[in-house]
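What follows is a single structure, written as structure tokens, with notes after it.
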Amino acid sequence: MIQEGTAFAPQIAESAASGILWLIPALPIVASGCIALMKQPMRKLSATLAIGSLSCSLLLSLFAFGHVLVGWASGAAVRETVNFTWIQVGASHVDLGWILDPLAAVMLVMVCFVGLLIFIYSTGYMAHDENFTRFFCFLSLFAGAMLGVVIANSLLLLFMSWELVGLTSYLLIGFWYQKPSAAAAAKKAFLTTRIGDVFFLLGMVWLFAQTGTLLFYNAGMGSMEALKLGGLLATPAGLGLTAASAIGLLIFAGAAGKSGQFPLHVWLPDAMEGPTPVSALIHAATMVAAGVYLVARVYPLMQAGVQLSASGEAIGSTVALTVVTWVGAGTAVFAALIAVAQNDIKRILAYSTVSQLGYMMAGLGMGGVAVGMFHLITHAFFKSLLFMGAGSVIHGCHEEQDIRRMGALKIDMPWTFITYAVGMLALCGFPLFFSGFWSKDGILEAAQHWSVAKSPFYMLVFGALLTAFYMTRQVSYVFFGNYRGHKEAHESPPVMLLPLVILAFFAMALGLIGTPVWPWFKAFLEGHAAGFSVAGFSEPGLLELMATSSVVVLLGLVVAWRIYGDKPTKAEDSDALERAMPTIWTLLEGKFYIDELYGATVIAFYAWWARVADWLDRRVWGGIVACVAWLFRESAQLSRLFDANWVDGGFDKGCEELASGGGLMSRIESGRVQIYLRLLALAVVLLTAILIWSSRG
């Protein structure tokens, strides 16, 4: 019988499940290509093809997940890879491949399932959009790209899919391109994430130069396996860093850009300009989660060099993981503070997403893959629920997004209210009954035991307080008080409500697989058996931590309710916090003026440099080009003069002489015998005269 905590031996043989894994991203990508060839009126067919392809991907993902689950249950930690040579030049070659392991299996199911619900929801939300067909083309391509990121066993293949995710996010954020704000948000997202991707690319090139491969796992020769990691640890990189730490930091910069970590977070809130299903897809289950998933996938590199205790727990931290932790904790608090003072229903959720991604990064840095990924999975469900719930509210309020112009919607939109309340409580981490409580507490527990510093723990606790506060404020404005809109609100159609109900169920139920009583998720990812035992609550300090977390959340809920609560207000009224703390409110409402700071520094520098480049181009390089052009023109004139007067003149004169000489010879060579006899007689006379003159001399 397998005992709890026993590590499983890896099972690496290829199976049918891993052999067909490539079909999971391929199906939505092919569907996207087919939809791209359709005409705009073919709305039902495009939606059917998109939903059908992702449904098939979900079935294949469940098959792959079942295969891994069966292997895990039988005592084998499944890790199957399919690798092949993509490019070969002489002895050098670049390999690609895909991987099936617990991490990939869980992500595949989550992305396909949540994405499918968003696809279904979109058929109702985008029903009246004239570009309905194009929207589903982009959605399918986005889903396929994200699934490509998940299955990649090569950092190069992951990077290819990663960039395709960036392209499709640009297309989706700017889908309503006729709006200047949407077009600007799409460009901002694309350019900001490219900054991180440049560092990602540098890290990838450096990793290949050091290890000779970009495969993660390859029978002991992969870049994430002990042999190659040992070489990276033995290679100095300057500034006291090893090559492993330096490459890890470069890759994390790419992850920070995609997952909206400070200071590359500025694109993510502006991405709300896209349709609400896009917000749910990008900000919940897919794009922003890609950065967290990347860190989890290269975690052996990030953790390389850390000493492990007898129980397998990390002792201390690496430079890369320390940076991940501090950036994550700082982002969690920073974004939560901004969310307190926002009035756009989607923008509040956007900053909440930035904050929760910070929690995930901090969880990875302090607690490991299972801690960060559990919060990623639970967050995907309750945050997509919240975004689609916000879309339902916007739809019911006739495209209104300002929470100050809503209110009392619990009466007109009861189903939206109930499901939204579930998502809100899960996000806040309401005690015991919601998944966010268990995933967030897992991160807080890791922070509490982090040996490097205690500050991240207090920062994350403060972030939890802020989360409960700003979400209660939002719900109070939207669903309680008095209605402050201009048009009567109405409930959304069933096609939009059904995904909300399903997501609400999982927002509560998923917590069961990560409780101390049954830590199934952690055991599954780490490859050991999971037992069910009430003794899990007896871990030192755990109950105190749960009590502290619960008190913090309840405090945030109560304080926000006391301030906002079920009170009648007017849309023009200033916020209660604004009246109490105008200076701080202005700072938070202005998002700490980070965008303005970038505008005054980075953007201003590039604008100045663009003007300098323009001046150089016009005055210096243009002058040089004009001078060279003048020299060539003058040279051409001289060449023309020499050619016309000397070369052509001499040639023409020679031709004239030849012509005249030829004319003379032609008269001689007339063919008349009389002329020939006269010339002969003349020649004889001349010859005789010469002989006589010569003999006299």
Side-chain angles (χ1 to χ4, degrees), residues 1-27 56-84 96-113 147-154 157-158 215-226 293 296-300 303 308 311-312 368-374 376-378 380 506 509-510 512-515 518-533:
M1 180 177 180
I2 299 174
Q3 300 296 321
E4 180 182 357
T6 302
F8 295 161
Q11 173 186 322
I12 58 174
E14 181 183 341
S15 67
S18 58
I20 63 171
L21 204 64
W22 64 273
L23 283 171
I24 297 176
L27 290 173
C56 293
S57 294
L58 176 59
L59 292 176
L60 292 174
S61 298
L62 289 171
F63 173 66
F65 178 80
H67 173 73
V68 176
L69 186 62
V70 169
W72 173 80
S74 63
V78 176
R79 182 197 293 152
E80 300 176 1
T81 60
V82 177
N83 301 323
F84 58 93
L96 301 180
W98 54 84
I99 185 171
L100 178 60
D101 62 357
L103 180 61
V106 167
M107 280 291 291
L108 284 173
V109 174
M110 184 275 289
V111 171
C112 288
F113 183 68
L147 291 169
V149 169
V150 172
I151 70 167
N153 184 44
S154 163
L157 179 59
L158 190 150
L215 292 174
F216 296 132
Y217 299 98
N218 185 27
M221 298 300 294
S223 59
M224 296 298 119
E225 296 181 281
Y293 177 78
R297 178 53 75 193
V298 300
Y299 200 78
Q303 196 184 29
L308 300 178
S311 60
V369 173
V371 173
M373 288 300 298
F374 185 44
L376 184 152
I377 297 298
T378 60
F506 282 100
L510 276 176
L512 297 176
I513 64 174
T515 65
W518 190 46
W520 180 90
F521 187 84
K522 185 175 187 294
F524 180 67
L525 284 192
E526 294 181 353
H528 58 75
F532 185 89
S533 174

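Computed over heavy atoms, backbone and side chain alike; hydrogens, waters and symmetry mates excluded. Because the structure is a prediction, the values reported are computed rather than measured.
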- Query: Hey, are the side chains of F374 and T378 touching, using non-hydrogen atoms and a 4.5 Å cut-off?
  - Reply: yes

- Item | Qualifying residues under ring pair (Phe, Tyr, Trp, His ring centres under 6.0 Å), relative to Y293, sequence neighbours excluded | none

- Message: Suppose we screen for side-chain hydrogen bond (donor to acceptor under 3.5 Å, both in side chains). Which residues come up paired with N83, at least two apart in sequence or across chains?
- Response: N153, N218

- Side chain of W98, backbone of S18: donor and acceptor closer than 3.5 Å? yes

- Item | OG on S61 to CG on L21, rounded to 0.5 Å | 7.5 Å

- Just one of I377, V68, L376 clears the side-chain contact (heavy atoms from CB on, under 4.5 Å) bar with V106, so which one? I377

- S223 side chain to L215 main-chain N or O, any donor-acceptor pair under 3.5 Å? yes

- Give, for atom CZ of R297 and atom OH of Y217, the distance between the pair rounded to the nearest 0.5 Å. 6.5 Å

- Spatial distance of atom CG (L62) from atom CG (L69) [nearest 0.5 Å]: 11.0 Å

- Heavy-atom nearest pair, P300 first then M224, reads CB-O, 3.6 Å

- Query: Considering residues, nucleotides and ligands other than W520, do more than 12 of their heavy atoms fall under 6.0 Å from its CH2?
  - Reply: yes

- Task: Take V369 and L103, measure what side chain to side chain contact (heavy atoms under 4.5 Å, CB included) needs, and give me the verdict at the end.
- Result: CA-CA 9 Å; V369 173; L103 180 61; 4.3 Å; yes

- Note on the structure: Taking every heavy atom of L100 against every heavy atom of H67, the minimum-distance pair comes out as CD2-CD2, 3.9 Å

- Item | Check against side chain to side chain contact (heavy atoms under 4.5 Å, CB included), I24 and V150 | CA-CA 10 Å; I24 297 176; V150 172; over 6 Å; no

- Item | Nearest non-hydrogen partners of I99 and A152, listed with the distance | CG2-O, 3.6 Å

- Kindly give the heavy-atom pair with the smallest separation between F521 and M373, and that separation in Å. CE2-C, 3.9 Å

- Check the angle between the aromatic planes of W72 and F524 and answer parallel, tilted or perpendicular using the 30° and 60° thresholds. perpendicular

- Message: Using 0.5 Å steps for rounding, measure from the OG1 atom of T81 to the CD1 atom of I151.
- Response: 12.5 Å

- L60 side, atom CG; W22 side, atom CH2 - distance, nearest 0.5 Å: 10.0 Å

- Item | Nearest heavy-atom neighbours spanning D101 and A104 | OD1-N, 2.9 Å

- Item | Which atom of L58 lies closest to which atom of F113, heavy atoms considered | CD1-N, 3.9 Å

- Determine whether F216 and V298 make a side-chain contact, defined as any pair of heavy atoms from C-beta on separated by less than 4.5 Å. yes

